[in-house]
Amino acid sequence: MNEEIIDQIAQESGEKQEVIEEKKMVTWLIFSVSGKKYAVKSGDVLEIIRDVAVYKLPFMPSYIEGVLNRRGDPFTVINPRSLIGDTDSTPPESPLFLIFKRDDDQLSIHISDILFFAEIEEDGLNQIPDKNEEGFFLGTIAYKDEEIPVLNPNAFEILIRKDLGSA
């Protein structure tokens, strides 16, 4: 008798259970360059480092500040200001760098400040229509009534390869 009641309760509760789909979330790193906000997927960032020297390299394009030494490994330092439409191409004042997680290159960008991390639904990236892999922006993400441009780290590498003749 008890087993029949338990089975009946299990069947009734099984019918009433709603399937709640969990939406996949992506964590974005929001940072600033000269007072403007930008984003990258946090999974694309290997490390954020501060207070390291940048060693200038001769005969490089103006957007390449030089290289920094991270535990014995050289990382190319990009000043993104002139590349992303900022008329002032001077490097940010703060010695703060995003080191990208890359399989084939060692790349970093010089930024002004880390603002926050934001979790946004996986489909929350508003992609640029007809974008190509050389575009510096993938699209935008919406966060608290604000559209934040998302940088494309691959575009920096493609530009360097083109400009240095190794593409």
Side-chain angles (χ1 to χ4, degrees), residues 22-54 57 60-71 73-164 166-167:
E22 285 190 35
K23 296 188 179 197
K24 291 185 179 179
M25 303 298 278
V26 175
T27 303
W28 296 90
L29 169 61
I30 314 301
F31 60 95
S32 69
V33 176
S34 300
K36 296 179 184 172
K37 292 180 185 172
Y38 298 98
V40 293
K41 285 184 180 178
S42 65
D44 289 343
V45 176
L46 177 65
E47 189 174 359
I48 302 164
I49 60 175
R50 179 181 301 276
D51 298 328
V52 294
V54 175
L57 297 173
M60 288 290 122
S62 61
Y63 62 87
I64 296 179
E65 287 183 36
V67 294
L68 62 82
N69 182 347
R70 178 189 168 265
R71 299 184 195 122
D73 292 325
F75 281 79
T76 304
V77 177
I78 303 294
N79 175 3
R81 290 177 75 172
S82 62
L83 298 176
I84 57 180
D86 194 336
T87 55
D88 183 7
S89 62
T90 57
E93 298 78 34
S94 67
L96 186 61
F97 305 91
L98 288 184
I99 303 237
F100 288 110
K101 189 184 299 182
R102 318 257 324 143
D103 293 332
D104 57 348
D105 200 10
Q106 294 172 310
L107 184 66
S108 67
I109 62 171
H110 195 162
I111 64 171
S112 299
D113 198 10
I114 297 294
L115 301 176
F116 54 91
F117 288 90
E119 279 202 356
I120 297 175
E121 291 179 16
E122 188 174 46
D123 60 354
L125 174 63
N126 303 315
Q127 294 188 355
I128 296 173
D130 301 324
K131 71 172 174 24
N132 62 24
E133 63 182 16
E134 296 178 16
F136 293 114
F137 298 102
L138 295 172
T140 62
I141 54 172
Y143 184 79
K144 293 187 178 180
D145 300 327
E146 189 174 12
E147 290 290 320
I148 301 172
V150 175
L151 291 183
N152 177 10
N154 293 331
F156 297 115
E157 179 183 349
I158 291 168
L159 180 64
I160 291 171
R161 290 186 187 279
K162 276 185 177 179
D163 286 350
L164 299 181
S166 61

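Quick caveat, the model's predicted, so the values are computed rather than measured.
Ring to ring, Phe116 and Tyr143 are close: their centroids are under 6.0 angstrom apart.
Between Ile160 and Leu107 there is a side-chain heavy-atom pair separated by less than 4.5 Å. Between Asp44 and Lys101 the shortest side-chain heavy-atom distance does not fall below 4.5 Å. Taking 4.5 Å as the limit, some side-chain heavy atom of Leu29 sits within range of a side-chain heavy atom of Phe117. Within the 4.5 Å cutoff, the side chain of Ile148 has no heavy atoms near those of the Trp28 side chain. Within the 4.5 Å cutoff, the side chain of Met25 has heavy atoms near those of the Glu121 side chain. Contact check for Tyr38 versus Ile111: no side-chain heavy atoms found under the 4.5 Å cut-off. Taking the side chain as every heavy atom from C-beta outward, Glu147 and Asn126 approach each other to under 4.5 Å. Side-chain contact between Ile64 and Ile78 is present, with at least one heavy-atom pair separated by less than 4.5 Å.
Between Glu122 and Val26 the shortest heavy-atom distance is CA-CG2, 3.7 Å. Residue Asn69 comes nearest to Arg71 through the heavy atom pair OD1-N, 3.7 Å, listed as atom of the first residue, atom of the second, then distance. In terms of heavy-atom proximity, Val67 sits nearest to Thr76 at CG1-CA, 4.2 Å. Closest heavy-atom contact between Phe100 and Ser108: CD1-CA, 4.5 Å. Closest heavy-atom contact between Pro149 and Thr140: CA-CG2, 4.0 Å. Across all non-hydrogen atoms, the minimal contact from Ala155 to Gly135 is CB-O, 3.2 Å.
Considering CZ of Phe31 and CG of Leu96, their distance stands at 10.0 Å, rounded to 0.5 Å. Rounding to the nearest 0.5 Å gives a distance of 13.0 Å between CZ of Arg81 and CD1 of Ile109. Rounding to the nearest 0.5 Å places CD of Glu65 at 6.0 Å from CZ of Phe97. Remark: Ile158 CD1 to Phe136 CZ distance equals 9.0 Å, nearest 0.5 Å. Ile114 contributes atom CD1, which lies 5.0 Å from atom CG of Leu98 (distance to the nearest 0.5 angstrom). The distance from the CD1 atom of Ile30 to the CD atom of Glu146 is 9.0 Å, given to the nearest 0.5 Å.
One N or O on the side chain of Ser112 and one on the backbone of Ser34 form a donor-acceptor pair closer than 3.5 Å. Of the possible donor and acceptor atoms, one in the side chain of Ser42 sits under 3.5 Å from a partner among the backbone N and O of Thr27. Here the side chain of Asp113 pairs no donor or acceptor atom with the backbone of Leu115 at under 3.5 angstrom. Formation of a donor-acceptor pair under 3.5 Å by the His110 side chain with backbone atoms of Val33 is not found in this model.
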Verdict with supporting geometry, Leu46 and Arg70, side-chain contact (heavy atoms from CB on, under 4.5 Å): CA-CA 11 Å; Leu46 177 65; Arg70 178 189 168 265; 3.8 Å; yes
Test log, rule side-chain contact (heavy atoms from CB on, under 4.5 Å), inputs Leu164 and Met60: CA-CA 8 Å; Leu164 299 181; Met60 288 290 122; 4.1 Å; yes
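For the side-chain contact (heavy atoms from CB on, under 4.5 Å) test with Ile99, the passing option among Leu68, Val45, Val52, Ile48 is Leu68; the others fail.
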